There are 2 protein chains.
Amino acid sequence: MPPTARERVRAELTAEITAAARRQLAEVGAAALSLRAVARELGMASSALYRYFPSRDDLLTRLIIDGYDALGAAAEAADDPTAAPRERWVAVCRAVRGWARAHPHEYALLYGSPVPGYAAPRDTVPAAARVGVVLGRVLGDAARSGALPAVTGVPRDRSLISDETAAVLGGGHPALDDAVRLRALLAWSSLYGTISFELFGHLVGSVEDADRYFDAAMAELAGLVGL
Amino acid sequence: MPPTARERVRAELTAEITAAARRQLAEVGAAALSLRAVARELGMASSALYRYFPSRDDLLTRLIIDGYDALGAAAEAADDPTAAPRERWVAVCRAVRGWARAHPHEYALLYGSPVPGYAAPRDTVPAAARVGVVLGRVLGDAARSGALPAVTGVPRDRSLISDETAAVLGGGHPALDDAVRLRALLAWSSLYGTISFELFGHLVGSVEDADRYFDAAMAELAGLVGL
DNA sequence: CCGGACCGAGAGCGCCGCTCTCGCCCAGGA
DNA sequence: TCCTGGGCGAGAGCGGCGCTCTCGGTCCGG
């Protein structure tokens with residue numbers, strides 16, 4: 001059956017709340033995000049918000065999922081499947097960094113310290129995987145076109161990377177070399193480390209030109225994974 | 001002149017406060033660290049704490065500096081200058097990860113999202129650099145012994161890495177190749193990214209054996225910098 | 001010995017997350 | 001048509017937070 005009028009207005013108000021919360025998040029950061037302030041901005045009593053989100057953590061979870069989705073969308077939009085693998089790789093990395101710089105507090109919410117007593121629900125996993133999927137597709141396409149170094153053919157006794165992650169990182173390619181999987185996951189961690197270092201201020205005074213440093217670093221990582 | 005009795009007892013109480021705060025930090029994390037709870041643990045009025053720390057952020061700053069120092073000490077202790085460069089590199093990385101796993105909340109305070117309105121004072125810089133110094137010394141020693149790839153000798157028009165950081169990363173070696181400097185900084189970012197991913201739960205389900213994955217990843221990074 | 005610096009305690013302010021209760025309003029069944 | 005029940009917003013309130021101010025007490029140096 002179609003949504004009733006009640007359900008529609010409820011969904012609208014829920015969207016308004018998340019929108020206001022996202023504004024707050026962008027302004028003051030996750031730690032200072034206050035349910036009461038969101039309610040004030042919306043002109044309603046703070047207690048009324050609890051009809052829509054059982055707790056502040058649930059509101060944050062909503063923002064986390066939306067953030068992963070927005071980041072994933074940015075990465076997907078930046079990938080041009082017709083370009084050369086190495087350029088695709090760097091372009092996606094640039095897009096991730098660009099999104100992070102445009103939304104620093106959201107990025108910090110996604111990849112910074114987890115909030116105090118908060119354990120990421122499983123809902124966030126598929127959204128969080130989107131960037132990995134894009135990176136994996138670049139790798140998989142490169143492997144299919146033979147641009148990746150040859151498979152050694154000597155599998156280790158036990159793989160370091162789980163099968164699901166290997167599938168994502170392989171981008172549909174059936175059997176990426178275990179070393180490539182490892183390097184792909186390492187590169188993804190390194191992308192995250194590089195962006196976080198820059199955003200969280202650990203690079204101030206160390207890097208002269210952040211843009212050029214990032215491009216050079218991503219080129220190194222592309223070389224590491226074999227692109 | 002020697003410290004007066006007043007100064008001594010003041011220093012002692014300050015130490016007790018930071019110790020209690022460090023316990024709180026280890027238990028509940030930085031975001032939930034409460035000045036009032038520290039005061040309760042010490043059996044004093046919360047207002048009395050402000051005689052010793054002007055604000056919660058100042059107490060946090062103290063903990064941050066101590067954390068950097070402890071981490072730096074762990075890294076220094078793990079470095080055996082008589083070992084082979086590659087083993088030294090991996091050993092230091094292992095030590096950093098070990099400290100991070102033993103003190104997850106402190107690590108998150110150091111390298112996670114910066115706290116809301118908090119801007120890291122300059123006091124934290126020297127303490128924060130200690131790990132970099134250790135890593136740089138490994139690199140510099142390797143370069144001096146000729147274990148690092150030959151310098152290309154073609155400097156870029158402008159260095160990406162600042163002179164001070166290049167000096168630290170060079171570990172006293174006069175002229176490390178610019179590419180090596182870049183890779184060293186990238187490797188340091190990657191070490192941080194790898195540990196953070198593991199600690200913040202972004203690797204759950206992706207990595208089968210965290211210990212083996214970390215060792216393999218650090219070996220890759222060692223190869224990247226030329227060790 | 002005395003004045004002033006230092007100190008701890010208490011009360012209080014404005015926030016916060018969260019709960020409970022109370023009236024309202026509107027939709028759907030009798 | 002009326003009535004009733006469920007969703008809803010508002011208000012009051014609880015305990016906890018960071019932080020400030022004021023007030024006595026203590027102790028040290030001149």
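In what follows, chains are A, B, ... by sequence order, proteins preceding strands, each numbered from 1. Computed from a prediction, not measured in an experiment: that's the story for all the values here.
- Atom-to-atom, CD of B:E16 to P of C:dG8 comes out at 11 Å; the value is rounded to the nearest Å.
- Each of C:dA9, C:dC26, D:dA10 was ranked by its minimum atom distance to the side chain of A:A45; first place goes to D:dA10.
- Rounded to an integer number of Å, the gap from B:Y50 OH to D:dT20 P is 7 Å.
- Rounded to the nearest 0.5 Å, atoms CG (A:L186) and CZ (B:F214) are 10.0 Å apart.
- The pair B:R137-B:D79 counts as a salt bridge, with a side-chain nitrogen and a carboxylate oxygen less than 4.0 angstrom apart.
- The separation between B:R40 atom CZ and C:dG8 atom P is 18 Å, rounded to whole Å.
- A:Y52 comes within 4.0 angstrom of sugar-phosphate atoms only, judged by non-hydrogen atoms across all strands, and of no base.
- Taking the side chain of B:R56 as heavy atoms from C-beta on, and the options D:dC17, D:dC19, C:dC18, the nearest nucleotide is D:dC19.
- Side-chain contact, B:D58 with B:T61: no donor N or O sits under 3.5 Å from an acceptor N or O.
- In this structure, B:E41 atom CD and D:dC17 atom P are separated by 13 Å, rounded to whole Å.
- Among the protein residues, B:R51 comes within range of the nucleic acid bases, having at least one heavy atom under 4.0 Å from a base atom.
- Of the side-chain N and O atoms in B:S34, one or more sit less than 4.0 angstrom from OP1 or OP2 of D:dG18.
- Here D:dC19 presents its P atom at 10 Å from CG of B:L60, a figure rounded to the nearest Å.
- Among C:dA9, D:dA12, D:dG7, the nucleotide with an atom closest to any side-chain atom of A:S47 is D:dA12.
- Checked for salt-bridge contact, B:E27 and B:R23 miss the test: no charged N lies under 4.0 Å from a carboxylate O.
- Taking atom CD on A:E12 and atom C1' on D:dC8, their separation rounds to 16 Å, with Å as the unit.
- The distance from atom CG of A:L42 to atom P of D:dC8 is 15 Å, rounded to the nearest whole Å.
- Whole-Å rounding puts the A:R36 CZ to C:dG17 C1' distance at 7 Å.
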